[in-house]
Amino acid sequence: MNTEQIMERINSSPYLKENHLQVEMMQEKEAIASIIIDDNILNPHGYAHGGAIYSVADLAAGAACCYGGRSVVTLNGSINYIKAGSGVKLLAHAEVISKGGHTAVIGVRITNEKEILIAQATFTMYFVDQDRYDVKR
């Protein structure tokens, strides 16, 4: 599977479509994902909800590991919120820090379209067997 096919498969997720999330770029050991800031993801204060910020970071972290066709699930994630999520769009820039046979650690910077740092996250992803991943429930 080539990179475009992998991105298409990831971006076809109903959860991503419903929440205006998408992988914008994937290459070896890094990825960029985005989320549109609209009324559906705002918290009561009028800023992007922390869960939406976490979702875009998680998406980017997973995509950074999927280059070459491997499938992952999130094993652990930690996020520090720096500023309120404001603007039109949030971008999560993920970079693989360490990649082993079963797990990978990824650093993610989340900014808005003006490149203001909104949050910083670290994820541990677990590589799953393709046979297991393809099982439909």
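These figures come from a predicted structure and were not determined experimentally.
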Following the transitive rule for hydrophobic clusters with a side-chain heavy-atom cut-off under 4.5 Å over Ile, Leu, Val, Met, Phe, Trp and Tyr, establish whether [X] and [Y] coincide in one cluster.
X: Ile79; Y: Ile116; answer: yes
X: Leu42; Y: Leu91; answer: no
X: Leu16; Y: Met125; answer: yes
X: Leu59; Y: Tyr15; answer: yes
X: Ile32; Y: Leu117; answer: no

Closest approach of [X] to [Y] (non-hydrogen atoms, all atoms of both residues):
X: Arg70; Y: Gly100; answer: NH1-O, 4.0 Å
X: Ala61; Y: Val108; answer: CB-CG2, 4.0 Å
X: Val105; Y: Thr122; answer: CG1-CG2, 3.9 Å
X: Ile110; Y: Ala57; answer: CD1-CB, 3.8 Å
X: Ala64; Y: Ala94; answer: CB-CB, 4.0 Å
X: Val72; Y: Cys65; answer: CG1-CB, 3.7 Å

Can you measure from [atom1] ([X]) to [atom2] ([Y]) and round to the nearest 0.5 angstrom?
X: Ile37; Y: Ile118; atom1: CD1; atom2: CD1; answer: 7.0 Å
X: Ile53; Y: Ile35; atom1: CD1; atom2: CD1; answer: 8.5 Å
X: His20; Y: Asn40; atom1: NE2; atom2: CG; answer: 6.0 Å
X: Ile106; Y: Ser98; atom1: CD1; atom2: OG; answer: 9.0 Å
X: Ile10; Y: Cys66; atom1: CD1; atom2: SG; answer: 4.5 Å
X: His102; Y: Phe127; atom1: NE2; atom2: CZ; answer: 10.5 Å

[X] (side chain) donor-acceptor with [Y] (main chain) under 3.5 angstrom:
X: Ser12; Y: Arg9; result: yes
X: Tyr126; Y: Thr74; result: no
X: Asn43; Y: Gly46; result: yes
X: Asn11; Y: Val23; result: yes
X: Gln5; Y: Asn2; result: yes

Quiz prompt | Pairwise salt bridge (Lys or Arg N to Asp or Glu O under 4.0 Å) hits with a residue in residues 78-102, at least two apart | solution =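 Sorted result for residues 78-102: Glu24-Lys89.
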Quiz prompt | Side chains of Glu30 and Gln27, donor plus acceptor under 3.5 Å | solution =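 Yes, side-chain donor-acceptor contact under 3.5 Å.
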Exercise. Sort and list the pairs that fulfil ring-ring contact (aromatic ring centres under 6.0 Å, His included) and have at least one residue in residues 29-54, not counting sequence neighbours.
Key: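 Applying ring-ring contact (aromatic ring centres under 6.0 Å, His included) to every pair that reaches into residues 29-54, excluding sequence neighbours, yields Tyr54-Phe123.
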Practice problem: Answer yes or no: does atom CD of Glu8 have more than 12 heavy-atom neighbours from other residues, nucleotides or ligands under 6.0 Å? | Solution: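 No, not enclosed.
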Quiz item: Name the one of Thr111, Ile36, Leu21, Asn112 that satisfies side chain to side chain contact (heavy atoms under 4.5 Å, CB included) with Leu90?
Solution: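 Only one option passes, and that is Asn112.
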